[in-house]
2 protein chains.
Amino acid sequence: MNRTDHDTPATILLIDDHPLLRRGVAQLLELEDDLELAGEAGEPEVGIRLASELDPDMILLDLNMPGMDGIATLKALREQGYAGRIVMFTVSDHEEDVVAALRNGADGYLLKDMDPDEMVRQLRQVALGRMVISESLTALLAEALRSQRNQPAAPDIHSLTQREREILCELAAGLSNKLIARKLDITEGTVKVHVKHLLKKLNLRSRVEAAVWAVQAGVDK
Amino acid sequence: MNRTDHDTPATILLIDDHPLLRRGVAQLLELEDDLELAGEAGEPEVGIRLASELDPDMILLDLNMPGMDGIATLKALREQGYAGRIVMFTVSDHEEDVVAALRNGADGYLLKDMDPDEMVRQLRQVALGRMVISESLTALLAEALRSQRNQPAAPDIHSLTQREREILCELAAGLSNKLIARKLDITEGTVKVHVKHLLKKLNLRSRVEAAVWAVQAGVDK
DNA sequence: GCATCACTATACCCTAATGGGTAGTGGTTG
DNA sequence: CAACCACTACCCATTAGGGTATAGTGATGC
């Protein structure tokens with residue numbers, strides 16, 4: 001499986017919903033002998049399929065995509081048995097995103113605003129099996145590790161089920177249990193159960209805290 | 001000033017902090033005879049300088065940039081006397097961003113995830129003096145215009161007394177009446193009264209709505 | 001095939017928190 | 001003095017949150 005030797009270039013699969021950015025990356029990689037763009041995908045689902053078909057050495061994965069988000073895609077890829085390098089490639093420098101990516105088996109986290117030459121350099125490092133993280137994120141990461149000690153249960157969207165996320169969204173819109181129930185066409189009691197569960201999972205003590213957290217974390221998607 | 005005739009291509013200045021995306025756009029425009037990339041800038045300040053130096057027919061302007069943000073750059077360009085077309089080019093489909101851009105004199109609002117061919121088509125429309133907006137945003141825009149009419153009583157912090165604002169801040173932090181009372185050293189009953197009053201003044205129906213509104217309006221300062 | 005687990009949904013019970021109403025006190029200010 | 005604000009008190013109906021229990025479904029594992 002070691003394709004990072006001298007004569008064969010490292011194959012790369014790019015999963016990103018921005019066609020223009022894909023062009024930019026494609027053009028960048030064309031100039032490099034040792035890096036080869038093996039495939040592109042504009043949707044996570046297509047990317048996951050291509051990953052098993054092409055079995056690339058590494059995958060560049062956008063974090064912010066419509067529908068299935070980057071973390072979910074990352075999980076799906078690993079669950080599918082993909083063992084190559086996965087590098088998150090995104091604009092988000094939010095601590096939660098970085099931490100969530102690394103926790104879920106990402107081998108790198110590069111920001112889209114980085115210099116192309118620097119990016120090529122970083123991708124070579126990845127091909128060699130090293131972990132890469134955009135320089136501007138290292139401080140943030142250190143912070144995350146520090147706070148990890150003091151806060152063993154950091155709220156994380158990804159610990160919630162789909163239904164719980166739905167409830168959280170409505171809750172963050174200011175709706176009461178009764179209104180949420182009516183909107184989702186379930187009983188109020190059921191809504192209460194979901195609220196109870198998500199509060200426990202997020203380690204919060206009231207719907208107000210949950211709403212505030214959701215709004216600040218941008219869980220309105 | 002009319003450079004949109006048949007023989008001379010429309011000149012474009014691209015202001016975006018993502019080098020890779022700039023490459024993608026550059027490559028895309030190279031293929032078109034009637035569109036010419038006159039210059040690129042990775043920072044808003046450089047872009048503003050280039051705008052006056054090159055006086056391009058249109059400017060593609062990223063909304064999310066470090067330091068000076070896109071709206072501020074847009075304002076600066078107009079204040080500087082730039083009279084060409086300015087098209088916001090961004091990933092953000094937030095209503096406020098779109099509205100703010102258009103209010104401040106943008107001639108278009110395109111999303112970065114659009115199809116390259118579609119993008120070229122749109123840019124040609126801009127060169128012809130038309131206003132372009134990504135299709136997926138039209139519904140959102142209609143919504144914005146509608147809500148503008150139907151909300152004669154927009155919640156306003158300034159109708160609140162100092163004390164009520166204090167209470168609102170604590171409420172927006174997720175605190176219960178009891179905790180707010182303890183923190184401000186007053187009885188829970190008093191807190192209830194203040195909450196009651198501020199809900200009435202803001203025309204909201206629950207503390208959750210108030211908390212969400214406060215967070216979104218940035219009343220934590 | 002069967003056991004198990006996670007998720008969703010429902011029901012019932014109970015306590016605490018919330019929102020609204022009325023009413024009163026003391027202080028400040030126009 | 002009247003108007004407003006901050007504060008307190010009491011009552012009442014609704015809402016919210018937690019506990020326990022039951023049940024159907026779909027996915028996973030042996």
Side-chain angles (χ1 to χ4, degrees), chain A residues 45 48 68-69 71-72 75-82 104 153 155-215 219, chain B residues 153 155-215:
Chain A
E45 295 77 11
I48 292 169
M68 197 172 187
D69 79 351
I71 299 292
K75 283 185 186 172
L77 283 167
R78 289 306 188 199
E79 277 168 16
Q80 181 184 261
Y82 176 72
N104 283 285
D156 180 16
I157 285 280
H158 303 289
S159 65
L160 301 183
T161 67
Q162 182 58 41
R163 197 55 159 174
E164 286 161 354
R165 269 193 291 274
E166 274 183 71
I167 302 280
L168 179 59
C169 285
E170 302 304 335
L171 198 151
L175 273 63
S176 67
N177 289 338
K178 190 174 292 191
L179 288 178
I180 296 174
R182 204 169 301 162
K183 188 163 182 179
L184 300 184
D185 199 32
I186 53 181
T187 64
E188 188 184 343
T190 303
V191 177
K192 283 188 177 186
V193 175
H194 288 307
V195 171
K196 190 195 321 182
H197 288 162
L198 71 85
L199 285 179
K200 177 147 292 216
K201 285 184 182 178
L202 297 176
N203 195 30
L204 300 173
R205 278 154 300 289
S206 75
R207 67 197 294 102
V208 186
E209 286 188 16
V212 170
W213 178 79
V215 170
V219 194
Chain B
D156 181 18
I157 325 217
H158 306 295
S159 63
L160 302 183
T161 67
Q162 181 57 40
R163 196 56 157 177
E164 285 161 355
R165 271 194 290 274
E166 274 183 73
I167 302 280
L168 179 59
C169 284
E170 302 305 332
L171 199 150
L175 273 61
S176 67
N177 289 337
K178 191 174 292 191
L179 287 178
I180 296 175
R182 204 170 300 163
K183 189 163 181 180
L184 300 183
D185 199 33
I186 52 181
T187 64
E188 189 184 343
T190 303
V191 177
K192 283 187 178 185
V193 174
H194 288 308
V195 171
K196 190 195 318 183
H197 288 163
L198 71 86
L199 285 180
K200 177 146 293 215
K201 286 184 182 177
L202 297 177
N203 195 30
L204 300 173
R205 277 154 301 287
S206 76
R207 65 197 295 106
V208 185
E209 286 186 16
V212 170
W213 176 78
V215 170

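Computed from heavy atoms alone, side chains included, the values below leave out hydrogens, waters and symmetry copies. Since the structure is predicted, the reported quantities are computational estimates derived from the model, not experimental observations. Below, read A as the first sequence line, B as the second, and so on, with proteins coming before strands; counting in each chain starts at 1.
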Gap separating the [atom1] atom of [X] from the [atom2] atom of [Y], nearest 0.5 angstrom:
X: L184(A); Y: R163(A); atom1: CG; atom2: CZ; value: 5.0 Å
X: I186(B); Y: K192(B); atom1: CD1; atom2: NZ; value: 13.0 Å
X: I167(A); Y: K183(A); atom1: CD1; atom2: NZ; value: 11.0 Å
X: L171(B); Y: R165(B); atom1: CG; atom2: CZ; value: 15.0 Å

Quick one: [X] [atom1] to [N] [atom2], roughly how many Å, whole number?
X: I180(A); N: dT8(C); atom1: CD1; atom2: P; result: 15 Å
X: L160(A); N: dC7(C); atom1: CG; atom2: P; result: 10 Å
X: L168(A); N: dC7(C); atom1: CG; atom2: P; result: 16 Å
X: E209(A); N: dT18(C); atom1: CD; atom2: P; result: 11 Å
X: H194(B); N: dG20(C); atom1: NE2; atom2: P; result: 15 Å
X: H197(A); N: dT8(C); atom1: NE2; atom2: C1'; result: 10 Å
X: K192(A); N: dA17(C); atom1: NZ; atom2: P; result: 15 Å
X: D185(A); N: dT8(C); atom1: CG; atom2: P; result: 16 Å

Residue pair R207(A)/V191(B) against DNA chain D: nearer the 5' end by closest nucleotide is V191(B)

Counting only N and O atoms by type, is there a donor-acceptor contact under 3.5 Å from the side chain of E164(B) to the main-chain atoms of L160(B)?
->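 No: the side chain of E164(B) does not pair with the backbone of L160(B).
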
Short question: side chain of R207(A), backbone of V195(A) - any donor-acceptor pair under 3.5 Å?
-> no

Does a side-chain N or O from [X] land closer than 4.0 Å to OP1 or OP2 of [N], or not?
X: K178(B); N: dA17(C); value: yes
X: R163(A); N: dC7(C); value: no
X: S206(A); N: dA17(C); value: no

Side-chain heavy-atom pair R182(B), L175(B) within 4.5 angstrom cut-off | no

Please examine the side chains of L202(A) and E209(A), heavy atoms only from C-beta on, and report whether any two atoms are closer than 4.5 Å.
->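 Heavy-atom side-chain distance check fails, nothing below 4.5 Å.
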
Where protein sits on nucleotides 21-30 of chain C, one letter per nucleotide: B base, S sugar-phosphate only, - none, heavy atoms under 4.0 Å = BB--------

How would you give the extent of chain A contacts on DNA chain D, as first and last nucleotide 5' to 3' within a 4.0 Å heavy-atom cut-off?
->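 Taking any atom under 4.0 Å from a heavy atom of chain A, the span is dT15(D) to dT20(D).
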
Using a heavy-atom cut-off of under 4.0 Å over every strand shown, decide if T190(A) touches base, sugar-phosphate, or nothing.
-> base

Nearest non-hydrogen partners of V212(B) and A211(A), listed with the distance | CG2-CB, 3.8 Å

